[in-house]
Asker: 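Would you mind keeping the following structure in view while I ask a few things?
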Amino acid sequence: MKRIVNSEEMKYCDSNTISHFGAASLVLMERAALSIADSVPWELKKDGPVLIVCGNGNNGADGLAAARLLYQRGFDVTAVQMPDNGKRTDENKIQRDILNRYGIKVLDAIPEDTGYSCIIDALFGIGLSRAPKGAYAGWIQQMNRLHGYKIAADMPSGVSSDNGEVYDPCFQAGLTVTFAYKKAGQIFYPGCEMCGKVIVSQIGITDDSWLSRRPSCYAYEKEDLRKIPKRPARSNKGTFGRVLVIAGSRNMAGAAILCAQAAYCTGCGLVKVYTPKENRVILQNAVPQAVLDTYDTEAPLNNRQLKEVLGWADVIVMGPGLGTGSYACQLVRDVLHQAHVPLILDADALNIIAMQPELLLQTAAELILTPHPGEMSRLCQKPVEEILKSMRETAENFARKYHVICVLKDAVTVTADDDAVYLNTSGCSALAKAGSGDILAGMTAALAALGMPLHEAAPMGVYIHGLAGEKAAKTKGEYSVLAEDILNAAGQVLLQ
């Protein structure tokens with residue numbers, strides 16, 4: 001599991017490495033500069049000079065040190081630095097003095113008439129929290145106009161390292177060499193698109209530098225698939241949990257089918273679908289291994305039947321294809337009041353709850369909510385555009401307010417609970433298809449039924465779902481993947 005940091009956390013770890021453990025700042029800087037220099041392909045040496053554009057902080061000092069290292073390797077180096085405004089750090093002054101001693105001239109303007117094989121941005125690093133102004137903005141625009149391989153040191157200038165917001169102007173990197181940990185702004189859109197490929201370079205700042213503090217943000221990686229509970233040889237279908245899927249409405253059986261199939265494909269032992277009677281034949285044909293319980297939406301809600309199906313379940317999924325009519329609204333309210341097992345709320349259940357969000361505080365069940373930005377907009381009364389700019393904060397705030405696990409779905413899905421945040425790094429545009437969310441709900445429910453703690457099952461479901469989308473896309477291409485292909489690929493993911 002990778003730690004994902006914001007600018008404050010990165011500065012905290014950097015400071016502790018120096019002040020608590022006694023590592024020399026210049027040693028860390030030399031390793032950072034080495035990683036920048038190592039990222040410049042050797043074959044560019046013959047194609048023209050390398051331009052390194054430096055600010056007056058420690059990111060600029062990294063750039064100045066990289067200029068020296070590339071010069072020592074035989075590159076033709078042009079170093080440019082902003083004029084001293086009295087804010088140059090001590091390390092920056094030292095690196096500039098070293099360049100002077102080597103006879104490497106540092107310019108105070110980017111030459112207009114030179115072709116460069118490589119342009120390295122070392123203006124701001126992770127420290128920028130507003131749009132670049134004045135000469136800085138002009139230099140970024142000038143660097144973008146230049147042809148050549150573009151590298152950002154730690155973070156492209158003009159991208160927020162905290163949330164991926166892209167300011168105007170912004171350096172457009174083909175490669176970003178970042179230090180110690182990946183930054184949240186390198187994962188979130190649109191910032192990730194400005195970073196190009198991201199390489200995390202280890203420069204001597206380790207997990208020890210967190211001291212007693214816990215990171216606030218993580219991302220699963222493939223070795224974390226080992227967290228999924230093993231399947232003992234001596235077992236039966238009851239061993240692997242019971243998932244109740246409350247889904248579907250008249251002429252809307254597909255969501256219930258996909259959700260039930262996903263739960264089975266992710267390892268659940270038994271799935272029961274509670275759905276309107278009109279869906280019986282369709283579901284019996286599509287998911288013959290599922291247990292089926294139906295109800296009549298024209299009759300009053302059968303409380304005894306509902307109590308029995310709820311009592312059967314280890315985990316409940318409610319919402320896919322459910323509709324938002326009066327019967328569905330009553331069903332959602334009653335399930336929330338009666339459920340005592342983990343409950344995953346998706347799709348129409350979220351739209352119903354958006355009308356009465358206080359229902360979330362009236363249940364004894366542990367809750368996972370899986371909204372996309374449109375559903376989140378209705379739940380928290382914020383415009384979609386605002387949510388897209390503050391995915392992490394929106395999910396965190398909602399999770400804390402209602403004491404739920406919030407899975408806010410987008411190209412980068414954010415899973416937040418009271419204690420931590422997970423950013424998902426798997427997946428591709430193949431997942432942007434009808435039925436994909438129904439599959440995610442079923443996968444997550446199965447993981448919880450297998451015995452994973454809910455705070456792990458939620459981000460793990462998202463991660464597996466993304467990997468399955470990637471695998472399906474490799475076979476069919478991102479345009480042509482259907483929900484069924486994601487299901488079929490899930491087994492391949494779980495083989496790893």
Asker: When you compare the side chains of Thr176 and Gln186, does any donor N or O come within less than 3.5 Å of an acceptor on the partner?
Answerer: no

Asker: Mark yes or no for whether Asp410, through its side chain, and Thr413, through its backbone, hold a donor-acceptor pair below 3.5 Å.
Answerer: no

Asker: Could you tell me which non-hydrogen atom of Ala219 sits nearest to which non-hydrogen atom of Thr425, and how far apart they are?
Answerer: CB-CG2, 4.2 Å

Asker: Do any side-chain atoms of residues 119-128 form donor-acceptor pairs under 3.5 angstrom with protein atoms, and if so which ones, sequence neighbours left out?
Answerer:
residue: Asp121; atom: OD1; partner: Leu123; partner atom: N; Å: 3.1
residue: Asp121; atom: OD1; partner: Ser157; partner atom: OG; Å: 2.8
residue: Asp121; atom: OD2; partner: Ser157; partner atom: N; Å: 2.7
residue: Asp121; atom: OD2; partner: Ser157; partner atom: OG; Å: 3.1

Asker: Please tabulate, one pair per line, all N/O donor-acceptor pairs under 3.5 Å involving side-chain atoms of residues 364-377, not counting sequence neighbours.
Answerer:
residue: Thr370; atom: OG1; partner: Leu345; partner atom: O; Å: 3.3
residue: Thr370; atom: OG1; partner: Asp346; partner atom: OD1; Å: 2.7
residue: His372; atom: ND1; partner: Gly374; partner atom: N; Å: 3.1
residue: His372; atom: ND1; partner: Glu375; partner atom: N; Å: 3.2
residue: His372; atom: NE2; partner: Glu375; partner atom: OE2; Å: 3.3
residue: Glu375; atom: OE1; partner: His372; partner atom: N; Å: 3.0
residue: Ser377; atom: OG; partner: Lys382; partner atom: O; Å: 2.6

Asker: Under a 3.5 Å distance rule, please check whether Ser480 uses its side chain to pair with a backbone N or O of Gly477 as donor and acceptor.
Answerer: no

Asker: Take Val309 and Lys272 through the test side-chain contact (heavy atoms from CB on, under 4.5 Å) and record every step on the way to the result.
Answerer: CA-CA 8 Å; Val309 295; Lys272 177 179 283 191; 4.2 Å; yes

Asker: Could you tell me whether the side chain of Arg242 reaches within less than 4.5 Å of the side chain of Lys237, counting heavy atoms only?
Answerer: no

Asker: Could you go through Asn6 and Ser161, starting from their C-alpha distance and side-chain angles, then the distance that decides it, and tell me whether this counts as side-chain contact (heavy atoms from CB on, under 4.5 Å)?
Answerer: CA-CA 6 Å; Asn6 57 31; Ser161 57; 6.0 Å; no

Asker: Between Thr239 and Asn236, is there a donor-acceptor pair closer than 3.5 Å when you use the side chain of the first and the backbone of the second?
Answerer: yes

Asker: With a 3.5 Å cut-off and sequence neighbours excluded, list the donor-acceptor pairs that the side chains of residues 429-442 form with protein atoms.
Answerer:
residue: Ser429; atom: OG; partner: Glu478; partner atom: OE1; Å: 2.4
residue: Lys433; atom: NZ; partner: Tyr479; partner atom: O; Å: 2.7
residue: Lys433; atom: NZ; partner: Val481; partner atom: O; Å: 2.6
residue: Ser436; atom: OG; partner: Leu431; partner atom: O; Å: 3.0
residue: Ser436; atom: OG; partner: His465; partner atom: NE2; Å: 3.0

Asker: Scan residues 276-291 for pairs that pass salt bridge (Lys or Arg N to Asp or Glu O under 4.0 Å), counting only residues two or more places apart or in two chains.
Answerer: Arg250-Glu278, Lys277-Asp296

Asker: Is the closest side-chain heavy-atom distance between Cys192 and Val412 below 4.5 Å?
Answerer: no

Asker: So which atom in Ile316 and which in Ala339 form the shortest heavy-atom distance, rounded to 0.1 Å?
Answerer: CD1-CB, 4.0 Å

Asker: Just do the side-chain contact (heavy atoms from CB on, under 4.5 Å) check on Val243 and Tyr264 with the steps written out, would you?
Answerer: CA-CA 9 Å; Val243 170; Tyr264 272 129; over 6 Å; no

Asker: Without placing hydrogens or testing angles, list every side-chain donor-acceptor pair under 3.5 Å for residues 466-474, not counting sequence neighbours.
Answerer:
residue: Glu470; atom: OE2; partner: Gly427; partner atom: N; Å: 2.7

Asker: Tell me, which pairs form a salt bridge (Lys or Arg N to Asp or Glu O under 4.0 Å) where one or both residues lie in residues 186-207, sequence neighbours left out?
Answerer: Arg3-Asp207

Asker: Would you say the side-chain atoms of Thr275 pair up with the backbone N or O of Ala247, donor to acceptor, closer than 3.5 Å?
Answerer: yes

Asker: Could you give all pairs that pass the salt bridge (Lys or Arg N to Asp or Glu O under 4.0 Å) test and reach residues 152-179, with sequence neighbours left out?
Answerer: Asp154-Lys183

Asker: So do the side chains of Ile405 and Thr415 get within less than 4.5 Å of each other, counting heavy atoms only?
Answerer: yes

Asker: Can you see whether Gln305 engages Tyr274 through a side-chain donor-acceptor pair at a distance of less than 3.5 angstrom?
Answerer: yes

Asker: Can you name the salt bridge (charged side-chain N to carboxylate O under 4.0 Å, His left out) partners of Arg214, sequence neighbours left out?
Answerer: Asp419

Asker: What do the steps show when you test Asp485 against Lys476 for salt bridge (charged side-chain N to carboxylate O under 4.0 Å, His left out), and what is the final call?
Answerer: CA-CA 9 Å; Asp485 302 314; Lys476 297 193 67 175; 3.0 Å; yes

Asker: Report yes if some heavy atom in the side chain of Pro459 is under 4.5 Å from a heavy atom in the side chain of Val462; otherwise report no.
Answerer: no

Asker: Between Ile151 and Cys118, which heavy-atom pair has the shortest distance, and what is it?
Answerer: CD1-SG, 3.7 Å

Asker: Less than 3.5 Å apart, any donor N or O on the side chain of Ser209 or Thr17 sitting next to an acceptor on the other?
Answerer: yes

Asker: For Ala153 versus Ile36, what's the shortest heavy-atom pair and its separation?
Answerer: CB-CD1, 3.7 Å

Asker: Determine yes or no for a side-chain-to-main-chain donor-acceptor pair under 3.5 angstrom, with Asp224 supplying the side chain and Met1 the backbone.
Answerer: yes

Asker: Taking only distance into account, with no hydrogens and no angle test, what donor-acceptor pairs under 3.5 Å do side-chain atoms of residues 227-235 form with protein atoms, sequence neighbours excluded?
Answerer:
residue: Arg231; atom: NH1; partner: Gly267; partner atom: O; Å: 2.9
residue: Ser235; atom: OG; partner: Pro232; partner atom: O; Å: 2.9

Asker: Would you call Arg226-Glu456 a salt bridge at under 4.0 Å N-O?
Answerer: no

Asker: Looking at Gln338, is its backbone amide N or carbonyl O close enough to the side chain of His340 to form a donor-acceptor pair, meaning the two atoms are under 3.5 Å apart?
Answerer: yes

Asker: Taking only residues two or more places apart in sequence or in another chain, which ones pass ring pair (Phe, Tyr, Trp, His ring centres under 6.0 Å) with Tyr149?
Answerer: none

Asker: How long is the straight-line distance from CG of Leu211 back to CG of Asn16, given to the nearest 0.5 Å?
Answerer: 4.0 Å

Asker: Just to verify, what does Phe171 make a ring pair (Phe, Tyr, Trp, His ring centres under 6.0 Å) with, not counting sequence neighbours?
Answerer: none

Asker: Between Val271 and Val287, is any pair of side-chain heavy atoms under 4.5 Å apart?
Answerer: no

Asker: What pairs meet the salt bridge (Lys or Arg N to Asp or Glu O under 4.0 Å) rule with one or both residues in residues 387-400, with sequence neighbours excluded?
Answerer: Arg392-Glu396, Glu396-Arg400

Asker: If every non-hydrogen atom of Met318 is compared with every non-hydrogen atom of Leu322, which pair is closest and at what distance?
Answerer: CG-CD2, 4.3 Å

Asker: For atom CG of Asn302, is the number of surrounding heavy atoms from other residues, nucleotides or ligands below 6.0 Å larger than 12?
Answerer: yes

Asker: Kindly give the heavy-atom pair with the smallest separation between Pro190 and Gly164, and that separation in Å.
Answerer: CD-O, 3.4 Å

Asker: Using side-chain contact (heavy atoms from CB on, under 4.5 Å), reason through Ile4 and Tyr181 one step at a time and then give a plain yes or no.
Answerer: CA-CA 6 Å; Ile4 308 298; Tyr181 299 104; over 6 Å; no

Asker: Compute whether any side-chain donor of one residue and acceptor of the other, for Asp334 and Gln330, lie under 3.5 angstrom apart.
Answerer: yes

Asker: Decide yes or no for Phe398 and Leu408: does some side-chain heavy atom of the first lie under 4.5 Å from some side-chain heavy atom of the second?
Answerer: no

Asker: Are the side chains of Tyr218 and Lys2 in contact, using a 4.5 Å heavy-atom criterion?
Answerer: no

Asker: Roughly how far apart are Ile464 CD1 and Leu225 CG, rounded to 0.5 Å?
Answerer: 6.0 Å

Asker: Compute the ring centroids of Tyr422 and Tyr463, then answer whether they are less than 6.0 Å apart.
Answerer: no

Asker: Do Leu495 and Val493 touch side chain to side chain, with heavy atoms closer than 4.5 Å?
Answerer: no

Asker: In Å and rounded to the nearest 0.5 Å, what is the CG to CH2 distance from Leu244 to Trp312?
Answerer: 6.5 Å

